[in-house]
Amino acid sequence: MIQADLTFHQHDFSKQDLQGHTFKRCHFFQCDFDHADLKDAQFIDCQFIDSQSLEGCNFRFADLKDASFSNCMLAMCNFSQANCFGLELRKCDLKGANFQRANFANHVSHAVYFCSVYITGCNLTYSNFERAIIEKCDLFENRWHGANLSGASFKGSDLSRGEFSADQWDQFNLEECDLTHVDLEGLDIRQVSLFGVKICDWQQEQLLSPLGLVIL
């Protein structure tokens with residue numbers, strides 16, 4: 001089912017089956033998607049918060065497996081404890097969005113798991129990814145300024161061309177990540193493990209000059 005150019009205000013989508021639905025240029029204001037089935041759903045050029053509101057839409061416990069949001073306004077939306085395995089977020093505004101305790105992994109066993117999520121070209125300023133496990137995923141060209149990354153693991157993910165705050169580097173696991181074309185100001189190699197991390201030639205100076213080394 002395809003729906004376009006519609007406005008939903010305080011609409012209750014909770015526990016509804018919206019699997020495979022497509023929404024284009026729709027507006028969702030103060031809507032509730034709690035426990036909704038949004039597997040394989042697509043949202044294109046949609047808005048989930050109005051300019052006068054301090055809260056976006058609620059996606060708590062929603063099943064967003066393989067769902068896709070493209071060029072959407074998702075600022076201040078709550079994705080807490082949602083199933084985000086396979087979720088795609090492309091060129092979205094996610095300022096202040098809450099992903100605390102959201103699930104990005106498929107657990108084969110208690111100790112064996114693999115992650116799947118695509119978050120690219122998004123504004124994640126002041127978003128909350130506390131303790132998120134997003135490993136070996138595409139996370140490039142995002143703005144992470146002020147985001148809560150405490151205890152998160154992005155191990156092996158592509159973080160290239162991203163933007164970070166100088167005080168964020170010791171918050172999360174970035175081993176084996178692609179950090180090419182990222183401003184590494186504030187990253188102290190004495191305190192943060194860079195095992196397997198990929199960088200460009202010009203980034204060496206940023207990492208080594210604070211130690212007194214002169215790179216020629």
Check your understanding: Taking the inter-plane angle between the rings of F33 and F13 on a 0 to 90° scale, is it parallel (under 30°), tilted (30 to 60°) or perpendicular (over 60°)?
Key -> parallel
**Study point:** Interatomic spacing from CZ in F140 to CG in L179 - rounded to 0.5 Å
**Key:** 14.5 Å
Exercise for review: Measure across S165 and G146 and return the closest heavy-atom pair with its distance rounded to 0.1 Å.
Suggested key: OG-N, 3.0 Å
**Study point:** More than 12 heavy atoms from other groups under 6.0 Å of CD on Q3
**Key:** yes
Review point. Where does the angle between the aromatic ring planes of F28 and F48 fall among parallel (under 30°), tilted (30 to 60°) and perpendicular (over 60°)?
Key: parallel
Review point. Would a 4.5 Å heavy-atom cut-off, applied to side chains only, mark N71 and I44 as touching?
Key: no
Review point. Do you know the tightest heavy-atom contact between S150 and Q171?
Key: N-OE1, 3.4 Å
Check your understanding: Given the rule in the side-chain hydrogen bond (donor to acceptor under 3.5 Å, both in side chains) test, do N58 and Q30 qualify, once you have shown the distances and angles that lead to the verdict?
Key -> CA-CA 8 Å; N58 176 34; Q30 299 177 8; over 6 Å; no
Check your understanding: What distance separates L149 CG from D167 CG, expressed to the nearest 0.5 Å?
Key -> 10.0 Å
Point to revise | E55, CD: over 12 other non-hydrogen atoms inside 6.0 angstrom | key: no
Check your understanding: So if you build clusters from Ile, Leu, Val, Met, Phe, Trp, Tyr with side-chain heavy-atom gaps below 4.5 Å, do I133 and V117 land together?
Key -> no
Review point. Less than 4.5 Å apart, any side-chain heavy atom of L159 and any of D178?
Key: no
Review point. Does one hydrophobic cluster hold both Y118 and L38, with members joined at side-chain heavy-atom distances below 4.5 Å?
Key: no
Check your understanding: Is there a path from L89 to I49 through hydrophobic residues (I, L, V, M, F, W, Y) whose side chains come within less than 4.5 Å of each other?
Key -> no
Practice item. I would like to know whether D32 and Q10 meet side chain to side chain contact (heavy atoms under 4.5 Å, CB included); could you show each step before the answer? Key: CA-CA 7 Å; D32 189 1; Q10 296 183 338; over 6 Å; no
Check your understanding: Side chains of S193 and E175: donor-acceptor distance under 3.5 Å anywhere?
Key -> yes
Point to revise | Main-chain N/O of A147 paired with Q168 side-chain donor or acceptor, under 3.5 Å | key: yes
Point to revise | Minimal non-hydrogen separation, N142 against G121, with atom names | key: OD1-N, 3.1 Å
Point to revise | Minimum heavy-atom distance between F85 and F104, given as atom pair plus value | key: CD1-O, 3.5 Å
**Study point:** Heavy-atom donor-acceptor pair, Q191 side chain to L187 backbone, under 3.5 Å
**Key:** no
Review point. Got a donor-acceptor contact below 3.5 angstrom from the S80 side chain to the Q100 backbone?
Key: yes
Review point. Using 30° and 60° as the class limits, which term best fits the ring planes of F29 and H9: parallel, tilted or perpendicular?
Key: perpendicular
Point to revise | Check: E185 main-chain N/O paired with W169 side-chain donor or acceptor under 3.5 Å | key: yes
Review point. Are L87 and F114 connected in the hydrophobic side-chain network, where two residues link if heavy atoms are under 4.5 Å apart?
Key: no
Review point. To the nearest 0.5 Å, how far apart are CG in N123 and CZ in R143?
Key: 5.0 Å
Check your understanding: Do W202 and H181 have side chains that get closer than 4.5 Å, going by heavy atoms?
Key -> yes
Review point. Are K95 and Y126 side-chain neighbours, meaning at least one heavy-atom pair lies under 4.5 Å?
Key: no
Check your understanding: If you measure from the Lys or Arg side-chain nitrogens to the Asp or Glu carboxylate oxygens, is any gap between R25 and D45 under 4.0 Å?
Key -> no
**Study point:** H11 and F8 aromatic ring geometry - parallel, tilted or perpendicular at 30°/60° bounds
**Key:** perpendicular
Check your understanding: Should I119 and L124 be marked as a side chain to side chain contact (heavy atoms under 4.5 Å, CB included) after you check the CA-CA gap, both sets of side-chain angles, and the distance that decides it?
Key -> CA-CA 10 Å; I119 307 177; L124 300 167; 4.1 Å; yes
Point to revise | Approximate separation, where rounding is to 0.5 Å, of F154 CZ and E176 CD | key: 15.0 Å
Exercise for review: Hey, could you give me the CD/CG distance between Q203 and L208, rounded to the nearest 0.5 Å?
Suggested key: 11.5 Å
Revision key, fill the gap. Taken to the nearest 0.5 Å, the spacing of K24 NZ from S70 OG works out to 11.0 Å
Check your understanding: Should the pair D34-R60 be classified as a salt bridge under the 4.0 Å nitrogen-to-oxygen rule?
Key -> yes
**Study point:** Heavy-atom closest pair, residues V197 and L174
**Key:** CG2-O, 3.2 Å
Practice item. Anything under 30° is parallel, anything over 60° is perpendicular, the rest tilted; go ahead and classify H35 against F61. Key: parallel
Review point. Can any side-chain N or O of S157 pair as donor or acceptor with the backbone N or O of K136 at less than 3.5 Å?
Key: yes
Exercise for review: Please determine, by modelled atom types, if T120 and R90 share a side-chain donor-acceptor pair under 3.5 angstrom.
Suggested key: yes
Check your understanding: Where the side chain of N106 meets the backbone of V108, is there a donor-acceptor pair that is under 3.5 Å apart?
Key -> no
Practice item. Take atom CZ of R161 as the centre, draw a 6.0 Å sphere, and report whether it contains more than 12 heavy atoms from other residues, nucleotides or ligands. Key: no
Point to revise | Path from F79 to M76 over hydrophobic side-chain contacts below 4.5 Å | key: no
Practice item. Can you label the angle between the F59 ring and the F69 ring as parallel, tilted or perpendicular, going by 30° and 60°? Key: perpendicular
**Study point:** Salt bridge D63-K65, side-chain N to carboxylate O under 4.0 Å
**Key:** no
**Study point:** Parallel, tilted or perpendicular, as decided by the 30° and 60° cut-offs, for the rings of F129 and F99
**Key:** parallel
Check your understanding: Where do A105 and C115 come nearest, in terms of heavy atoms and distance?
Key -> CB-SG, 3.9 Å
Check your understanding: For D158 and S160, does a side-chain donor sit closer than 3.5 Å to a side-chain acceptor?
Key -> yes
Review point. Side-chain contact, heavy-atom cut-off 4.5 Å: I199 with L184?
Key: yes
Point to revise | Check ion pair E135-K155 (N to O, under 4.0 angstrom) | key: no
